[in-house]
Amino acid sequence: MLLVGVLMDQASIAGVLGKLDSEVFVLTAADGDRRNGQIVCWVQPATIVPQVPRVVVGIGRLTYTRELIEVSRRFALNLLGQDQWQWVPDFGFRSGREADKFATVPFERGMTGSPLLPGIVGYLECEVRSVLDGGAHLFYLADVLAGRLVADREPLRLSQLPALLPPEDLSTMIRLREQDILRDLALLR
């Protein structure tokens, strides 16, 4: 919350935050036969203790995937490689309420029941420990139950998408982000 009378230099703040880069994950979740996946970039380790691995993950409050996490209390993080940018439109541009995103995507179910994608850099299967309400987003602190480095290669980063996505997909990504900003702004007030 901003103090009354304090002006915020949005351009300067955006400049600092713009220096950060995030890896691109497909977060998947399932509840019985219902399953979904979506693109997330807010994933951070939440401990330095290797015997108790934990992550913090941010996910939009209004998403179908979040609904599945709330019921199952479990999810998987599929870390994409730089050559897997084609999955960004599949998992990031439409809702799982509208279509089964896995209808044409091969996957196997992990120990949490969440879909695991083939050929990814690696995955983490997680169980929710606690939730922080961030207004437009929920932030899950989760215990990592299982994980595997599938291929030791560079992950896809958010900053790489403008150069990798075809122009029509980049345009869609920008348009959807602008819509999300307006929707999220209403949730934050």
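Remember, predicted model here, so these are calculated numbers, not experimental data.
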* Nearest heavy-atom neighbours spanning Gly58 and Phe139 -> CA-CD2, 3.5 Å
* Asked: Quick one: CZ on Arg177 to OG1 on Thr172, what's the gap to the nearest 0.5 Å?
  -> 15.0 Å
* Asked: According to the interplanar angle, ranging from 0 to 90°, do the rings of Phe75 and Tyr140 count as parallel (below 30°), tilted (30 to 60°) or perpendicular (above 60°)?
  -> tilted
* Using a strict 4.0 Å threshold on nitrogen-to-oxygen distance, state whether Asp180 and Arg183 make a salt bridge. => yes
* Would you say Glu125's side chain and Met111's backbone share a donor-acceptor pair under 3.5 angstrom? -> yes
* **Verdict with reasoning, Thr65 to Asn36, per side-chain hydrogen bond (donor to acceptor under 3.5 Å, both in side chains)** => CA-CA 6 Å; Thr65 309; Asn36 199 45; 2.7 Å; yes
* Lys101 versus Gly96, closest heavy-atom pair with distance -> CE-N, 3.6 Å
* Asked: What distance separates His137 NE2 from Leu187 CG, expressed to the nearest 0.5 Å?
  -> 9.0 Å
* To do: Using a strict 4.0 Å threshold on nitrogen-to-oxygen distance, state whether Arg61 and Asp184 make a salt bridge.
  => no
* Asked: Do you know the tightest heavy-atom contact between Leu176 and Gly92?
  -> CD1-O, 4.3 Å
* Asked: What are the two closest heavy atoms between Ala136 and Leu188, and how far apart are they?
  -> N-CD2, 3.6 Å
* Asked: Rounded to the nearest 0.5 Å, how far apart are CG of Leu27 and OG of Ser114?
  -> 7.5 Å
* Leu17 atom CG, neighbour heavy-atom count above 12 within 6.0 Å -> yes
* Give, for atom CD of Gln82 and atom CG of Leu156, the distance between the pair rounded to the nearest 0.5 Å. => 7.0 Å
* Structure fact -> For Arg94, the salt bridge (charged side-chain N to carboxylate O under 4.0 Å, His left out) test, sequence neighbours excluded, returns none
* Asked: Any idea how Phe91 and Trp87 line up, ring-wise: parallel (<30°), tilted (30 to 60°), or perpendicular (>60°)?
  -> perpendicular
